[in-house]
Amino acid sequence: MRRVEALGSLGLLLLCLLGCDRKSHAVVCMVTYGGESTRLEFPATPNPYGVKAVDVAGRFRFKASYVREPWSAAAVNVYAYQQADDGDVLLQEGKYGPPFSLAGRAGYGFTGRQLVYSRQQRELEYWCELSP
C-alpha cells in the first residue's frame, strides 16, 4: 500500500515539475462596449510603462501590463480610461498578483467581470485571463 502511495506522490511531483512551472506569455482581455466585444491580447513585457492603451470605439482606452519575470515580482495591472479632448481620464486601475487564476468566478478570469462608467454614463465591460 505504501508503495502505491509513494508512486502516486512521485507521479504528482513529476507532473508538477513538467507542467506547474509553465507560465503564460500574455494577458487576454474581453472588452465590450455598445454590445460589441473585442479580444485584446497584451504580451508579457519587461517594461510595463511602454504598454500602449488600445482605443475602444473612440470612447474609452484600455490596457493591461503583464510583468512575468522574475516570477516573485509577477503582476498584472489593468487600466480603463475615458477619452476626452483634453486628455484621457483614468477611470479604473486594477492590480493583480499571482496566483492569477480564480476558480468560481463564472468564467470571468482573474479580474472577474468589471463594469466601468464614464462621466457620460457610458459603460465599458471587461474581464481578463492568462492565455493558455
Side-chain angles (χ1 to χ4, degrees):
M1 187 71 149
R2 284 183 173 239
R3 190 172 178 173
V4 171
E5 289 174 4
L7 287 175
S9 297
L10 179 61
L12 183 60
L13 176 63
L14 288 174
L15 179 64
C16 192
L17 289 174
L18 293 173
C20 291
D21 195 33
R22 292 183 2 194
K23 298 171 189 84
S24 297
H25 298 286
V27 170
V28 175
C29 299
M30 291 302 298
V31 178
T32 304
Y33 174 73
E36 185 174 326
S37 295
T38 305
R39 181 182 188 271
L40 301 176
E41 189 168 322
F42 299 91
T45 180
N47 178 17
Y49 301 106
V51 177
K52 301 292 183 202
V54 177
D55 176 74
V56 179
R59 305 287 188 189
F60 294 94
R61 289 195 196 280
F62 185 88
K63 76 174 180 177
S65 66
Y66 176 27
V67 175
R68 182 179 153 211
E69 300 291 337
W71 186 246
S72 60
V76 175
N77 296 327
V78 180
Y79 304 89
Y81 303 90
Q82 172 188 334
Q83 290 189 33
D85 292 335
D86 56 344
D88 296 344
V89 177
L90 179 64
L91 297 175
Q92 184 183 50
E93 175 183 15
K95 295 182 174 278
Y96 303 90
F100 297 109
S101 174
L102 294 177
R105 287 243 173 152
Y108 290 113
F110 62 84
T111 61
R113 181 176 175 236
Q114 300 291 313
L115 300 173
V116 180
Y117 295 91
S118 70
R119 293 178 185 164
Q120 293 79 20
Q121 296 303 305
R122 295 184 177 111
E123 180 184 85
L124 177 74
E125 177 184 345
Y126 75 87
W127 60 271
C128 301
E129 65 183 355
L130 291 181
S131 63

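Please read these numbers as outputs of a predicted model, since none were measured by experiment. Values below: all heavy atoms of this structure, side chains included; hydrogens, waters and symmetry mates excluded.
- Side-chain contact between Trp127 and Cys29 is absent, with no heavy atoms from C-beta onward closer than 4.5 Å.
- Side-chain atoms of Val31 and Phe60, non-hydrogen and from C-beta on, never get closer than 4.5 Å to each other.
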For residues 33-41, run the donor-acceptor check on the side chains, cut-off 3.5 Å, and write out each pair with its distance to 0.1 Å, sequence neighbours left out.
| residue | atom | partner | partner atom | Å |
| --- | --- | --- | --- | --- |
| Ser37 | OG | Thr32 | OG1 | 2.7 |
| Arg39 | NH1 | Glu41 | OE1 | 3.2 |

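- Between Gln83 and Val56, the shortest heavy-atom distance links the atoms NE2-N, 4.2 Å.
- Nearest heavy atoms, Asn47 versus Thr45: N-OG1, 3.0 Å.
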**OP:** In sequence, state the C-alpha distance, the side-chain angles, and the governing distance for Tyr126 and Leu115, and then conclude on side-chain contact (heavy atoms from CB on, under 4.5 Å).
**Re:** CA-CA 7 Å; Tyr126 75 87; Leu115 300 173; over 6 Å; no

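- For the salt bridge (charged side-chain N to carboxylate O under 4.0 Å, His left out) test, no residue two or more places apart in sequence or in another chain qualifies with Lys52.
- The aromatic ring centres of Tyr66 and Phe42 sit 6.0 Å or more apart.
- Gln92 and Gln114 share a side-chain donor-acceptor pair at under 3.5 Å.
- Here the CG atom belonging to Leu90 is positioned 13.5 Å from the CZ atom belonging to Arg61, to the nearest 0.5 angstrom.
- A search for ring-ring contact (aromatic ring centres under 6.0 Å, His included) contacts involving Tyr79 returns nothing, not counting sequence neighbours.
- Across every non-hydrogen atom of Val27 and Ala64, the tightest pair is CG1-CB, 4.3 Å.
- For Asp55, there are no salt bridge (charged side-chain N to carboxylate O under 4.0 Å, His left out) partners, not counting sequence neighbours.
- Between Tyr81 and Lys63 the shortest side-chain heavy-atom distance falls below 4.5 Å.
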Review item, side-chain donor-acceptor pairs of residues 116-124, under 3.5 Å, at least two apart:
| residue | atom | partner | partner atom | Å |
| --- | --- | --- | --- | --- |
| Tyr117 | OH | Glu123 | OE2 | 2.4 |
| Ser118 | OG | Gln120 | N | 3.3 |
| Ser118 | OG | Gln120 | OE1 | 3.4 |
| Ser118 | OG | Arg122 | N | 3.1 |
| Gln120 | OE1 | Gln82 | NE2 | 3.1 |

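- The hydrophobic side chain of Val67 is isolated, with no ILVMFWY side chain under 4.5 Å apart from it.
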